Amino acid sequence: MKIMYMGTPDFAVEPLKALYYSGHEICSVITQPDKPKGRGYGLTPPPVKVFALDNNLEINQPQSLKKIFFEEYLKKISPDVIIVAAYGKILYPYIINYPKHGCLNIHASILPRHRGAAPIQRAIMEGDTKTGVTIMQMDCGIDTGEILYKLECDISENDNFETVHNKLSELGALAIIEVLNMINKETLNPVKQEDYGVSYASKIENEDCLIDFNLSSVQIYNQIRALSPVPLAYTTLNNKKIKIIEAKVISSINDDSSYDIGEVLPAPKGKLYVKCLTGIIEFITIQPEGKRNMKASDLFNGRYINNGDKFK
RNA sequence: CGCGGAGUGGAGCAGUCCGGUAGCUCGUUGGGCUCAUAACCCAAAGGUCAGGUGGUUCAAAUCCCCUCUCCGCAA
């Protein structure tokens, strides 16, 4: 079966790897064009491209998937199935309907919850304790197709974006291999998505990263871990941006102390406790702008912060 | 050449503008106090101030020039 694989970031690498090493015929890898990234605007290839290059796979990085740019190439490759994992662009119907087995999407949530661009982050942010991957037969809606297969996993208290992301990309790899087996054995059983429990996981924007201390410590903790290690939640102190890498909920109940929201509280030596609307959060590892990662205690040692200072 | 911050004992910083004894908070090591301690007291070790063995100067962490590295923004 000729597979065209469409994917871009790290999440999409594991499934591609699994397909490649299990001997499936990957006749083309489609990924986003290299983008200028970081200081100095160096062109950076997406992770999927790096893997494809290392393994001498056919690569195409179309600027657009519109018919005039892509149809000819699609016909030339004429895949039997297209597998899509976090490609980053909407596929047009002419593409979805082209392969004999259609387009299969590896989605990092249990659909219909968290349809959309950032299912992993949104699941953690909302305090979900379970998530998973869904393999879906793509149709023209956003993550609305029939479910072919799914694998669940837990989100534990200590998970962050990175750990959940890694678990799910491995599950995605297992799941897509299984679905291809089912196709070969003709045991596939597509199921329509439920009508209830639908939610949308919109892309993470800059404002999603700003910490609002007018929330509970648990909500803030979930936000911090959902965005760690990238792009990281942040707050500001004395007009300097501070990213929070690691945090911990110290208290989730409201105390009637007179401290202000966002204020640095008295704490055991070297610990940084901050008052939230409800409860107290400890910042453990942080990164002030222009600086490297550091322990919260370093802020006190360097006279950067004092009890009573306020984050905004 | 996208904009900006930064490199000083093991960590985080001050000192740089205005050149003149290497400083602070912590950690480490040793000792003391204590029923005890991550607390307190005393003492010590540890730095060619990113690099150029660059320029200016009687004298450079500090001023000038070049290089390297790290980080924030933007994309």
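Everything quoted here is computed from the prediction, not taken from an experiment. Below, chain A is the first sequence line, B the second, and so on; all start at residue 1.
- Considering only side-chain N and O atoms, A/Q287 lies under 4.0 angstrom from the phosphate OP1 or OP2 of B/G72.
- B/C13 sits 15 Å from B/A61 when the C1' atoms are compared, rounded to a whole Å.
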Solution key, residues 304-312 of chain A side-chain donor-acceptor pairs under 3.5 Å, sequence neighbours excluded:
from	atom 1	to	atom 2	distance (Å)
A/D309	OD2	A/N306	N	2.8
A/K310	NZ	A/D260	OD2	3.0

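- The separation of B/G23 from B/G9, taken at their C1' atoms, amounts to 12 Å, rounded to a whole angstrom.
- For the residue pair A/Q61 / A/D34, a side-chain donor-acceptor distance below 3.5 Å is found, with atom types taken as modelled.
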Please tabulate, for side-chain N and O atoms in residues 97-109 of chain A, each donor-acceptor pair with protein atoms closer than 3.5 Å (sequence neighbours left out).
from	atom 1	to	atom 2	distance (Å)
A/N97	ND2	A/P93	O	3.1
A/N105	ND2	A/V84	O	2.9
A/H107	ND1	A/D143	OD2	3.4
A/H107	NE2	A/S109	OG	3.2
A/H107	NE2	A/H114	O	2.7
A/S109	OG	A/R113	O	2.6
A/S109	OG	A/H114	O	3.4

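- By the side-chain hydrogen bond (donor to acceptor under 3.5 Å, both in side chains) test, A/S156 pairs with A/D159, sequence neighbours left out.
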Pairs under 3.5 angstrom only: tabulate donor-acceptor contacts from the side chains of residues 66-74 of chain A to other protein residues two or more places apart or in another chain.
from	atom 1	to	atom 2	distance (Å)
A/Y73	OH	A/S28	OG	2.7
A/Y73	OH	A/E58	OE2	2.7

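- The interatomic distance linking A/K243 (NZ) with B/C73 (C1') rounds to 9 Å, in whole Å.
- Between A/A175 and A/Y149, the closest heavy-atom pair is CB-CD2, 3.7 Å.
- For the residue pair A/D139/A/T144, the side-chain donor-acceptor check at 3.5 Å is satisfied.
- The separation between A/K241 atom NZ and B/C71 atom P is 15 Å, rounded to whole Å.
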Kindly list each side-chain donor-acceptor pair under 3.5 angstrom involving residues 2-16 of chain A, sequence neighbours excluded, with atom names and distances?
from	atom 1	to	atom 2	distance (Å)
A/K2	NZ	A/I77	O	3.0
A/K2	NZ	A/S78	OG	3.4
A/Y5	OH	A/A12	O	2.6
A/T8	OG1	A/Y87	O	2.7

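- A/N206 has its CG atom 12 Å from the C1' atom of B/G72, to the nearest Å.
- Shown for residues 304-312 of chain A: no residue has heavy atoms falling under 4.0 angstrom of RNA chain B.
- Computed from coordinates, the A/R292 CZ to B/U69 P distance equals 12 Å when rounded to whole Å.
- Atom CD of A/E205 is separated from atom P of B/A75 by 11 Å (rounded to the nearest Å).
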Could you write nucleotides 4-11 of chain B as a row of B, S and -, 5' to 3', where a protein heavy atom under 4.0 Å of any base atom gives B, of only sugar-phosphate atoms gives S, and otherwise -? BBS----S

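- In this structure A/S252 satisfies the side-chain hydrogen bond (donor to acceptor under 3.5 Å, both in side chains) test with no other residue, sequence neighbours excluded.
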Starting at the 5' end of RNA chain B, what dot-bracket string do you get if Watson-Crick and G-U pairs under 3.5 Å are bracketed, crossing pairs use [ ], other-strand pairs use | and unpaired bases use dots? .(((((((.[[[[.)....(..]]]].(((((.......))))).....[[[.[[..)....]]]]]))))))..

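- For A/T129, there are no side chain to side chain contact (heavy atoms under 4.5 Å, CB included) partners two or more places apart in sequence or in a different chain.
- Here the closest non-hydrogen pair linking A/T285 and A/E246 is OG1-OE1, 2.9 Å.
- The same atom, C1', is picked in B/C49 and in B/C3; the two are 28 Å apart, to the nearest Å.
- A distance of about 15 Å separates the C1' atoms of B/U69 and B/G52, rounded to the whole Å.
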Could you run down the sub-3.5 Å N/O contacts of the protein with nucleotides 39-43 of chain B?
from	atom 1	to	atom 2	distance (Å)
B/A39	OP1	A/K269	NZ	3.4

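- Under the ring-ring contact (aromatic ring centres under 6.0 Å, His included) criterion, A/Y221 pairs with no residue at all, not counting sequence neighbours.
- When side chains are defined from C-beta on, A/M136 does not count as touching A/E146, because their heavy atoms never get closer than 4.5 Å.
- Look at A/R122 and A/D208 and you find a salt bridge, because one of the NZ, NE, NH1 or NH2 atoms lies within 4.0 Å of a carboxylate O, short of that distance.
- Rounded to a whole angstrom, the distance from the P atom of B/C64 to that of B/G47 is 29 Å.
- Distance check on atom C1': B/G15 versus B/G2 gives 33 Å, rounded to whole Å.
- Of the P atoms belonging to B/A11 and B/A50, the separation is 13 Å, rounded to the nearest Å.
- One P atom belongs to B/G51, the other to B/G7, and the distance between them is 13 Å to the nearest Å.
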